[in-house]
Amino acid sequence: MSQKPSVPQGTRDFSPVEMARRRYIFSTLEAVFKQYGFKQLETPSLENLSTLTGKYGDEGDKLLFKVLNSGDYLQKAPDELVQAKDSKELIKHIADRGLRYDLTVPFARYVVMHQHEISFPFKRYQIQPVWRADRPQKGRYREFYQCDADIVGSDSLLYEAELSCIYDEAFHRLGIPVSIRINNRKVLESIAIRCGFGETFRDFTVIIDKLDKIGEEKVAEELTALGGDAQAAVALLASKTFNREALDGLAKELNNEVGEKGIAELEELLSYLETQNLHNEIILDTTLARGLNYYTGTIYEVVAKSVKMGSIGGGGRYDDLTGIFGLKGVSGVGISFGADRIYDVLLEMNAFPELGANFTQLIFCPMDEASRLYSFKLASQCREAGIQTEVYPEPAKLKKQLGYADNNGIPVAVIVGENERESGALSVKFLQDGQQESLDILALINRLK
RNA sequence: GUGGUUGUAGCUCAGUUGGUUAGAGUGUCAGAUUGUGGCUUUGAAGGUCGGGGGUUCGAAUCCCCUCAAUCACCCCA
């Protein structure tokens, strides 16, 4: 019995054409990362569950893919938990590992484990898949790639500026006009304190993050329910072009200690950015909160201007991420690119450059068995010369062989039959314009090199 | 995790109030053309109508369950 094949929900195959496009995104980002001196890192797909749980909140824990232990895992599980069907407790006994949920936490783990080999500040980039057991929908997959650039071991705001520039440069190179939204967690905290949400800061951020989605009135409603001065808070929430004027306006309102610290950070970041020639708009958005609660300073989010899609990048400063793994006082700042969403945006914008899946420059088309052997030999000569070469595997009809070349976008075909073999004068056909020439192998190689 | 919409050939889609053998375009393969691709033309293959169950004399069509895609929540890249 044959079964209908399928892939798990939220996962996808990538065809050669799709891979060419994905490679284009990855290599564009990689080139920018390298330009700023980031070094590449990879970590295992599997992490110990203890590394992952509790780092992403209750929601995050639910979305973790857990991997069953090897062997007869139920044998070692406590009977009462199996009997009680208590999945939540039982899982701790039957699954020790899980698939990574993001790249930041594994990076923090890496830094702590290798702290004595690393010279700080350490700049690393990482391009790997992550997994979330989320319900798939547009722009949301269960397996997707993140492309992260982080720096640990420095609290200099120069790095915030560099990361802003990386966002700007990368999306410029990809041809996606974006808004780079920036905020500072301390500014947010200051607003919260000022308006009486100091005690309920977490909930406060969750609500205001929805501002552009549900509107001012709804947000005011929910904030009032939370118990605080909703009107005052809403008045302070705005998104403006990131410049001196906007900052000064904000500074006048936030004259408490946290606020002044946050404003000072934004000012320093701005003074770096003022020296740059940026392609995209930078927005100071005090409604930007971001879910992950470990951010402590600058936070980023990037949105494509021409396509409706969730954020295609995000990140921020976290003063003490490695603290949970026992290394205190190491500050980090990082950003992430959502490669799969960037792919969808480029596709929707029709903004991919012409990227054939074909790399073959030359194909030999043998007319008989002896020519096939002869072609195989000549092909290795071409390959040694650095020409990407194929040999058609059968001495089939020319129509078929040229059809293969045509369908695969191979630009040059060499027809080899008895005449060519004996004279060494190869019939070289250029498929784009249909021109045909007689060349010997050396002349052919020179022409294509 | 909650709710809505959709599911017919590899792909894009027709398919009448439930009625004979489920169609088209495109792609694939073969021929027209024995050593010359794209264009043309002829033909062929390709379908458990997402899967399972039910109603009916009869189901692609109606009902239930399930799987998947998609959209809105939640959350996020």
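Quick note on labels: first sequence line is chain A, next is B, and so on, each numbered from 1.
When the C1' atom is used for both A59(B) and A22(B), the distance is 13 Å, rounded to whole Å. Rounded to whole Å, the separation between the P atoms of G51(B) and G10(B) comes to 12 Å. With P as the reference atom, G23(B) and C29(B) are 25 Å apart, rounded to whole Å. Straight-line distance between the C1' atoms of G46(B) and A9(B): roughly 6 Å, to the nearest whole Å. Spacing between A14(B) and C49(B) at atom C1', rounded to whole Å, works out to 13 Å. The C1' atoms of U61(B) and G54(B) are separated by 15 Å, rounded to the nearest whole Å. Between the C1' atoms of A60(B) and G19(B), the separation comes to 13 Å (whole Å). Spacing between U12(B) and G18(B) at atom C1', rounded to whole Å, works out to 27 Å.
When ring centroids are compared, F337(A) and F33(A) come within the 6.0 Å threshold. No close placement of the F38(A) and Y125(A) rings is indicated, their centers lying 6.0 Å or farther apart. Ring to ring, F364(A) and Y374(A) are not that close: their centroids are 6.0 angstrom or more apart.
Put simply, CZ on R135(A) is 13 Å from P on A72(B), counting in whole angstrom units. As rounded to whole Å, 9 Å separates atom P of C76(B) from atom CZ of R132(A). Taking atom CG of residue N407(A) and atom C1' of nucleotide G10(B), one finds them 15 Å apart after rounding to whole Å. Look at CD on E301(A): it is 12 Å from C1' on C75(B), rounded to the nearest Å. One interatomic measurement links the two molecules: CD of Q137(A) to C1' of C75(B), which rounds to 10 Å at whole-angstrom precision. Rounded to an integer number of Å, the gap from D61(A) CG to G1(B) P is 16 Å. Atom pair K62(A):NZ and U2(B):C1' shows a separation of 12 Å (rounding to whole Å applied). Between the P atom of A77(B) and the CZ atom of R142(A) lies a distance of 17 Å, rounded to the nearest Å.
Between Y300(A) and Y167(A), the ring-plane angle classifies as perpendicular under the 30° and 60° cut-offs. By the 30° and 60° cut-offs, the orientation of the rings of Y404(A) relative to Y392(A) is perpendicular.
A donor and an acceptor atom, one from each side chain of Y73(A) and D96(A), are nowhere located under 3.5 Å apart.
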Checklist outcome for this item: A correct 5'-to-3' footprint of nucleotides 34-40 of chain B, with B, S and - meaning base, sugar-phosphate only and no protein heavy atom under 4.0 Å, is -BBBB--
Distance-only criterion, 3.5 Å: show the donor-acceptor pairs between side-chain atoms of residues 441-449 of chain A and protein atoms not counting sequence neighbours.
unit_1	atom_1	unit_2	atom_2	d
N446(A)	ND2	L442(A)	O	3.4
R447(A)	NH2	E437(A)	OE1	2.8
R447(A)	NH2	E437(A)	OE2	3.2

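When heavy atoms are screened at a 4.0 angstrom cut-off, D134(A) is found touching base atoms of the nucleic acid. Backbone-only engagement by Q146(A) is indicated by non-hydrogen atom pairs under 4.0 Å involving sugar-phosphate atoms exclusively. Backbone-only engagement by V206(A) is indicated by non-hydrogen atom pairs under 4.0 Å involving sugar-phosphate atoms exclusively. Among the protein residues, Y404(A) comes within range of no part of the nucleic acid, since none of its heavy atoms lies under 4.0 Å from any strand.
Comparing T11(A) and G314(A) against RNA chain B, the residue whose closest nucleotide sits nearer the 5' end is T11(A). Closest-nucleotide positions on RNA chain B for G10(A) and G313(A) were compared, and the one nearer the 5' end corresponds to G10(A).
Under the Watson-Crick or G-U wobble criterion, with both distances below 3.5 Å, G7(B) is paired with C67(B). In this structure, G46(B) makes no Watson-Crick or G-U wobble pair, since no nucleotide meets both defining distances under 3.5 angstrom. Pair assignment for G35(B): none, as no Watson-Crick or G-U wobble contacts are both less than 3.5 Å. In this structure, A72(B) and U2(B) make a Watson-Crick or G-U wobble pair, each of the two defining distances being under 3.5 angstrom.
F337(A) does not qualify as a stacking partner of the A77(B) base, lacking a centre-to-centre distance under 5.5 Å together with planes within 30°.
In this structure, R21(A) is positioned above the aromatic face of F352(A), its NZ or CZ under 6.0 Å from the six-membered ring centre and within 45° of the axis.
For the pair K123(A) and E162(A), the salt-bridge criterion is met [side-chain N within less than 4.0 Å of a carboxylate O].
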